[in-house]
2 protein chains.
Amino acid sequence: MKTAITLDALIVLDAIAQRGSFAAAAKALHRVPSSITYAISKLEQSLEVNLFDRKGHKAHLTPAGEALLQEGRNLLQLTDHVERNIKRIATGWEAEIRIAVGDVIPYDKVLQLCDDFYQVAPETHLSLTTEVLGGAWDALASGRADFAIGAPGDSPPGGGYASHPLKEPSVDFVFAISPQHPLASAKEPIANNLIRQHRAVAAADSSRLLQPRTVGLLSGQSVLTVPDLSVKRLAHIKGLGIGYLPLHLIEQDLAEGTLVTKITEDGANHSHGLYYAWQTKHLGNGMTWLINHLCHEEAMNWFS
Amino acid sequence: MKTAITLDALIVLDAIAQRGSFAAAAKALHRVPSSITYAISKLEQSLEVNLFDRKGHKAHLTPAGEALLQEGRNLLQLTDHVERNIKRIATGWEAEIRIAVGDVIPYDKVLQLCDDFYQVAPETHLSLTTEVLGGAWDALASGRADFAIGAPGDSPPGGGYASHPLKEPSVDFVFAISPQHPLASAKEPIANNLIRQHRAVAAADSSRLLQPRTVGLLSGQSVLTVPDLSVKRLAHIKGLGIGYLPLHLIEQDLAEGTLVTKITEDGANHSHGLYYAWQTKHLGNGMTWLINHLCHEEAMNWFS
DNA sequence: CCATTTTGTTCAAATTTTTCGAACATGAAG
DNA sequence: CTTCATGTTCGAAAAATTTGAACAAAATGG
């Protein structure tokens with residue numbers, strides 16, 4: 001058995017496609033352009049397939065090249081998983097744990113958790129990503145993350161996950177707007193069809209695989225979509241729009257008067273259930289520690 | 001990005017496991033034993049994992065080594081598939097052909113066509129979407145589909161398409177209503193301004209880019225819009241509305257009496273021309289096969 | 001449209017990686 | 001205890017990849 005394909009060559013191919021040119025790929029990989037040419041032409045030669053269109057003088061993939069790029073990326077991702085797995089099996093500890101943090105979770109608490117973790121397992125790298133709403137579940141489902149903190153209650157279809165409520169199992173969302181905003185002087189409780197006339201700010205669900213969703217939006221309302229809650233908070237302060245924000249995130253703003261809360265027809269605040277979640281498959285020592293550490297009577301408080 | 005794993009190393013690992021010893025693997029791979037030792041120890045080093053148990057003096061895998069063997073074999077098999085696929089694509093076969101199927105086309109016939117296709121090209125994926133009316137053209141124009149079956153006669157402005165009438169170049173639409181519907185007892189032929197007083201059911205044109213259109217509707221008529229013909233049929237049966245349906249789709253309903261046909265002022269039935277259509281650019285082997293297979297004297301019948 | 005920059009390729013030399021062959025040590029088998 | 005096969009080590013040889021400079025074609029930007 002022999003393989004014309006080489007993982008290294010796939011990395012080169014990916015870099016070219018990602019950066020748009022041989023030269024840029026060379027820089028990104030800390031190599032010289034001719035090395036890239038060499039790698040590609042060797043791949044083409046052993047594959048007996050032209051991957052790039054040599055008519056023009058820029059990197060343009062042939063259909064075959066395009067296909068190899070797609071499938072190659074799969075292969076690379078797979079080998080990465082394999083490597084991770086092997087290391088975990090060999091040592092019992094994961095080489096890396098990727099944690100998806102819901103954006104309602106205060107980051108300093110997360111860093112404190114990381115600190116605790118490093119005390120126990122300094123060799124296991126932690127990698128944090130912020131996810132919005134269902135994005136945490138999506139990250140788990142797509143394999144972008146191993147553990148999720150602050151995933152919304154409802155788990156996606158298909159099993160293989162375990163979950164556990166946070167010690168404070170919900171966050172309070174309050175209707176918060178800039179004092180300059182027209183609605184600031186409206187009579188409380190503010191009616192839904194009054195709210196509907198003003199632009200809402202929505203944190204975009206970062207789901208890429210699962211169906212995105214939006215909560216707290218009234219139909220027919222104009223919407224400004226922002227990437228996460230901290231941007232949403234800024235948008236509220238600037239008076240660009242209205243909506244609900246987690247109380248703990250805006251306490252200082254309320255004290256300083258840059259934001260004010262309003263009672264709405266639906267009630268003063270909403271409450272969202274929050275969970276830890278993880279895949280039940282492949283539990284190494286690090287994951288086990290995390291689960292034990294967090295799903296526990298004396299576990300840490302996230303919002304106080 | 002970097003990979004500790006090398007496909008070549010996986011081949012070596014596989015050979016050792018298969019032949020039982022480093023020496024035998026060396027012979028099988030036409031290499032010298034020390035080369036095998038080198039490859040393995042390099043793999044172990046870059047992976048920072050011991051794959052072989054060095055206690056005894058024969059090849060004995062550690063648990064991690066065993067795992068890598070299993071997963072490595074998967075990877076090797078996968079790369080082999082990828083290689084094969086790339087070569088196929090390079091020789092003119094598409095990786096995927098997306099077919100837009102007009103909703104008047106019976107799906108079991110389409111599946112039979114897929115079956116025939118897979119006999120010739122099992123590796124080319126087929127992806128089917130249902131489109132309503134001009135939606136088939138729209139799918140072609142917007143690049144959502146490569147081939148259309150059952151597109152209505154008039155092609156959209158702008159060239160680049162070829163088309164060919166189906167073997168049975170038209171479908172008969174009959175005016176069909178529930179026997180419970182008020183119009184069921186009306187005198188034939190039913191006058192247009194009588195029809196106009198009742199709600200029509202219309203299948204929504206699935207175009208997103210091109211101008212949607214509607215057929216068989218009288219101006220001023222109330223309309224229930226449904227996503228496709230099968231829902232339209234159900235709506236007719238439930239008496240929710242009236243309109244034209246393709247005869248072949250409701251033959252059983254007519255036999256069972258859940259629907260009845262009526263002659264209208266415009267005549268008993270309408271007839272719609274149907275075509276195959278495709279983009280003339282980028283014709284791969286699979287598309288060529290499809291075109292030859294379908295645009296042919298002995299081509300398949302869709303409605304019998 | 002032309003000047004300028006960028007891009008991909010080629011080539012020989014330098015460097016790294018891999019293979020080879022022989023010598024060696026050690027466990028297994030009789 | 002001998003014999004055999006196995007895995008390892010090491011210096012030398014071969015093969016591969018990388019480098020840097022030179023070049024031509026193409027893209028870019030007035």
Side-chain angles (χ1 to χ4, degrees), chain A residues 1-62 64-66 68-69 72 76 79, chain B residues 1-62 64-66 68-69 72 76 79:
Chain A
M1 192 195 231
K2 55 192 173 189
T3 55
I5 291 175
T6 280
L7 291 180
D8 180 72
L10 291 181
I11 292 175
V12 172
L13 183 62
D14 172 71
I16 296 172
Q18 203 174 314
R19 306 298 189 129
S21 81
F22 280 42
K27 239 174 293 174
L29 296 175
H30 308 292
R31 297 200 218 174
V32 97
S34 60
S35 171
I36 304 300
T37 302
Y38 175 79
I40 291 298
S41 59
K42 197 205 154 194
L43 177 60
E44 290 182 314
Q45 190 170 326
S46 59
L47 214 46
E48 298 177 298
V49 163
N50 275 37
L51 301 174
F52 285 91
D53 191 359
R54 256 62 173 218
K55 306 281 174 182
H57 222 189
K58 67 182 175 189
H60 187 236
L61 286 163
T62 62
E66 193 70 46
L68 183 56
L69 175 65
L76 287 175
T79 44
Chain B
M1 193 197 224
K2 56 190 173 192
T3 54
I5 291 177
T6 279
L7 292 180
D8 182 70
L10 291 181
I11 292 175
V12 171
L13 182 64
D14 173 71
I16 296 171
Q18 200 174 313
R19 305 298 190 128
S21 80
F22 280 42
K27 240 173 293 173
L29 297 175
H30 308 294
R31 299 200 217 175
V32 97
S34 62
S35 171
I36 305 299
T37 301
Y38 174 80
I40 291 297
S41 59
K42 198 203 154 196
L43 176 61
E44 288 182 314
Q45 191 170 325
S46 59
L47 214 45
E48 296 176 300
V49 163
N50 276 36
L51 301 173
F52 285 91
D53 191 358
R54 256 67 171 208
K55 306 280 174 181
H57 220 192
K58 66 181 174 188
H60 186 236
L61 285 162
T62 63
E66 192 69 46
L68 183 56
L69 175 64
L76 287 175
T79 46

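The chains referred to below are lettered A, B, ... by the order of the sequence lines, with proteins before strands, and numbering in each begins at 1. Scope of the values below: all heavy atoms of this structure, side chains included, with no hydrogens, waters or symmetry mates.
For the ring-ring contact (aromatic ring centres under 6.0 Å, His included) condition, the pairs that include at least one residue of residues 1-27 of chain A, sequence neighbours left out, are A/F22-A/F52. Under the salt bridge (charged side-chain N to carboxylate O under 4.0 Å, His left out) criterion, the residue pairs touching residues 34-50 of chain A are A/E44-A/R54, with sequence neighbours excluded. Among residue pairs with one or both ends in residues 18-38 of chain B, those qualifying as salt bridge (charged side-chain N to carboxylate O under 4.0 Å, His left out) are B/D8-B/R31; sequence neighbours excluded.
Residues forming a side chain to side chain contact (heavy atoms under 4.5 Å, CB included) with B/S21 (at least two apart in sequence, or on another chain): B/A23, B/A24. With sequence neighbours excluded, the residues satisfying side chain to side chain contact (heavy atoms under 4.5 Å, CB included) with B/S34 are B/V32. Remark: A/A15 pairs with A/A25, A/L29 by the side chain to side chain contact (heavy atoms under 4.5 Å, CB included) rule, at least two apart or across chains.
Less than 4.0 Å separates DNA chain C from at least one heavy atom of each of the following residues of residues 17-27 of chain A: A/S21, A/F22, A/A23. A heavy-atom distance below 4.0 Å to DNA chain D is reached by these residues of residues 37-54 of chain A, ordered by number: A/Y38, A/K42. For DNA chain D, none of the residues of residues 8-15 of chain B falls under the heavy-atom distance limit of 4.0 Å.
For the pair B/I5/B/L68, a side-chain contact is recorded, criterion being any heavy-atom separation below 4.5 Å from C-beta on.
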What string of B, S and - do you get for nucleotides 24-30 of chain D, 5' to 3', if B is base contact, S is sugar-phosphate-only contact and - is no contact with any protein heavy atom under 4.0 Å? BBSS---

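Using five terminal pairs a side, the axes of the helix from C/dC1-D/dG30 to C/dG30-D/dC1 at its two ends make an angle of 50°, given in steps of 10 degrees.
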